Amino acid sequence: MIFNKEIETMSREEMQALQLKKLKDLVTYVYSNVEFYKKKFDAAGVKPSDIKTLKDISKLPFTTKDEMRETYPYGLLACDPEALKEIHTSSGTTGTPVVAGYTENDRTLWKEVMGRCLAMAGGDEHDVVQNAYGYGMFTGGLGVHYGAEAIGASVLPISSGNTKRQLNFMKDFKSTILTCTPSYSLFMAEVAKEMGMDFREFNLRAGIFGAEPWSDNMRIEIEKKLNLKAYDIYGLTEIIGPGVSCECEAQNGLHINEDYFYPEIINPETGEVLPEGEKGELVFTTLSREGTPIIRYRTRDITWLFRDNCSCGRSTVKMHRLLGRNDDMMILRGVNVFPSQIENVLMRIEETEPHYQIVIDRSTSSLDHVELHVEVEESFFSDETKNLEKIRDMIHEEMKQALGISLDIKLVEPKSIERSMGKAKRVIDKRDIKGEA
Ligand code: DLL
C-alpha cells in the first residue's frame with residue numbers, strides 16, 4: 001500500500017512546483033532566523049529573492065559536517081530552543097557531536113516519512129515490528145518506532161543487543177518485520193543457529209536494514225539465512241535520521257521522500273551539480289524542517305539519482321543503493337575501492353562466512369599494506385592446510401578479477417572478527433593510530 005498516494009505518485013511538474021514553493025519559504029526562513037546562514041548567504045552574495053527556480057539552489061553555499069560541529073550545540077537552530085520537542089545527536093570520530101533538533105512539526109514529518117518507508121516494505125497495521133535499532137541519541141530506534149506507529153503496527157521496542165532474548169521474542173511475539181543494521185541481522189542468524197532455531201519457523205517476512213553500507217550479495221545472504229525479503233533504508237541524523245529514502249518491493253533503488261528532502265548529486269572535487277544518472281556525492285536540503293533546517297548538506301555518501309517507471313506506482317526520484325562514503329574509499333595501488341565492492345565479491349564465495357574486516361597498515365617501504373581478514377568455516381581449519389590454501393587462492397583470484405588488484409588474504413577462524421549490534425566496523429586503519437603516537 002502507498003502511504004501517501006497524493007505525494008508519492010505526484011507528477012514531475014507538481015512535485016517541482018511544490019519543491020520550489022517550499023525552497024523559497026525555507027531560504028527566507030533560515031536567512032531571517034539563523035545567523036550562520038545569513039552570514040554565509042551574504043558572503044556568497046545571494047539573497048532569498050534570488051531563488052526563482054529550483055536550479056537556483058546551486059547559488060546557495062553548501063553546509064558541511066565540520067560546520068555543524070563547529071556550531072555545536074545550537075548554532076544552526078532556527079527556532080526558540082523551547083520549541084524543540086526532541087533532540088538527537090550523531091557523534092563522529094572527532095568527538096564533537098552533530099545536533100538535530102525536532103519541533104513538534106518536525107516529529108510529525110519524521111513520522112510521515114517513516115510511515116511511507118515501512119509501507120514501502122509492505123508494512124501495515126497487521127504487522128509486528130521488532131525494532132532492534134538502538135534507542136537513544138541514535139536516530140534509528142525512535143525513527144523506526146514513529147514509523148511503526150504511523151502504519152498502526154505493533155512495535156517491539158527491544159533496541160539492539162541481548163541477541164538470545166531478541167530471538168526468543170521474535171518467536172513468541174511472532175514478529176513479522178525486523179529492523180536493525182544488516183550486520184546485526186547476520187549476527188542474529190549466527191546466534192539462532194547456535195540456539196538450534198530455524199528462521200523458517202518464525203513469522204518474519206520483511207527486514208528493513210540500513211545505517212551502514214551493505215552489498216547486493218550481502219542481501220542475498222541475509223534473505224537466505226533469515227528467510228525474509230530485505231529492504232534497504234537510508235537516512236542520516238543531520239537530515240532527519242532514517243526515512244530519507246527506502247526501497248519498495250521492486251528492490252531497485254531507494255525512493256527519496258523528495259517533497260521533504262531535496263536531493264542533488266555533485267562532483268565532490270569541484271562542487272558542480274551533476275545531471276541525473278551520474279555518480280557523485282549526495283547533497284540534501286531539508287525543505288520543511290523547523291528546528292535545524294539544513295541547506296545543501298554534503299553527506300559524503302556516493303550514489304546516483306534516477307527515475308524509472310517503478311512497478312510499485314511511486315513516481316518519486318530514486319537513489320541507487322550507496323556505493324560507500326567518500327571517507328571510506330580506499331585508493332589501493334591507484335585503484336579506487338569501496339569496502340562494499342570487496343564485500344560483494346566475498347559474499348559470492350560459498351566457503352567463507354559473511355564476516356570480514358579490511359586492515360590497512362603502512363609497511364616499512366611507506367606503501368600502504370592492505371590485508372583482508374575473512375572468516376571461514378571451522379571445518380577447514382581441521383582439514384589439511386592445502387584446503388585453506390585453496391580457498392585463499394580462490395578469494396585472491398576472485399578479488400583480482402573483480403577489482404583489478406591483488407589483496408593479501410588472511411583466513412581467520414569463525415567468530416574471531418568482532419560482531420556488531422549497530423554499525424559494523426569494516427575497515428581498521430592502523431595508519432591513523434601510528435600517526436597519533
Ligand atoms: O544511520 C540513520 C539511520 C538509522 C539510517 C537507521 C537507516 C536506518 P547516522 O548515524 O547519522 O544516521 O549515519 C548516517 O550512515 O551518511 C551513510 O553513510 C550511512 N548509512 C545510512 N543508511 C545507509 C544505507 C543513521 N542504507 C550515515 N546504506 C549516512 C549505506 C548508510 N549507508
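All values reported here derive from a predicted model rather than from experimental measurement. Every heavy atom of this structure was used, including side-chain atoms; hydrogens, water molecules and symmetry mates were not. For the single chain, residues carry numbers from 1 onward in sequence order. Indexing begins at 1, ligand by ligand and atom by atom, following the structure's order.
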Rounding to 0.5 Å, atoms CZ (R419) and CG (L186) come to a distance of 9.0 Å
Quick check: R325 and ligand 1, any N/O pair under 3.5 Å apart? yes
Report yes or no: is the cationic atom of R219 (NZ for Lys, CZ for Arg) closer than 6.0 Å to the six-membered ring centre of Y231, at no more than 45° off its axis? no
Could you tell me whether R298 sits above the aromatic face of F62, with NZ or CZ closer than 6.0 angstrom to the six-membered ring centre and within 45 degrees of the axis? yes
Could you see which bit of T237 sits under 4.0 Å from ligand 1, with heavy atoms only: side chain, backbone, both or neither? both
Which atom of L274 lies closest to which atom of I266, heavy atoms considered: CD1-C, 3.8 Å
Contact (N/O only, under 3.5 Å) between E212 and ligand 1: yes
Give the contacting part of L322 toward ligand 1: side chain, backbone, both or neither, where contact means a heavy-atom distance below 4.0 Å. side chain
Give me the nearest non-hydrogen protein atom to atom 25 (C) of ligand 1 as residue plus atom name, then the distance to 0.1 Å. G235 O, 3.6 Å
Candidates N131, L236, I208; heavy atom nearest atom 12 (O) of ligand 1 found on L236
Provide the number and element of each atom of ligand 1 under 4.0 Å from a heavy atom of G210. 7 (C), 8 (C), 26 (N)
State yes or no: are the ring centers of H355 and F187 separated by less than 6.0 Å? no
So which heavy atom on F306 is nearest to which on G253, and how close? CZ-CA, 3.9 Å
Please confirm whether T299 comes within less than 3.5 Å of ligand 1 when only nitrogen or oxygen atoms on both sides are compared. no
Ring centre gap for Y135 and H145 strictly below 6.0 Å: yes
Closest protein heavy atom to atom 6 (C) of ligand 1, given as residue, atom name and distance to 0.1 Å: Y133 CE2, 3.6 Å
When only distance counts, is W214 in polar contact with ligand 1, meaning an N/O pair under 3.5 Å? no
Least distance between heavy atoms, D328 atom then P339 atom: O-CD, 3.6 Å
Which residue and atom name correspond to the protein heavy atom nearest atom 16 (O) of ligand 1, and how close is it? D301 OD2, 2.7 Å
Nearest neighbour in protein (non-hydrogen) for atom 20 (N) of ligand 1: A211 C, 3.6 Å
Tell me whether R289 forms a cation-pi arrangement with W110, defined as NZ or CZ under 6.0 Å from the six-membered ring centre and within 45 degrees of its axis. no
Distance-only side-chain donor-acceptor flag, E343 / Y356, under 3.5 Å: yes
Please state which part of T139 comes within less than 4.0 Å of ligand 1, counting heavy atoms only: side chain, backbone, both or neither. side chain
Residue and atom name of the nearest protein heavy atom (relative to atom 13 (O) of ligand 1), distance in Å to one decimal: K423 NZ, 3.0 Å
So if I count the atoms of ligand 1 from 1 in the order they appear, which ones are less than 4.0 Å from some heavy atom of G140? 4 (C), 6 (C)
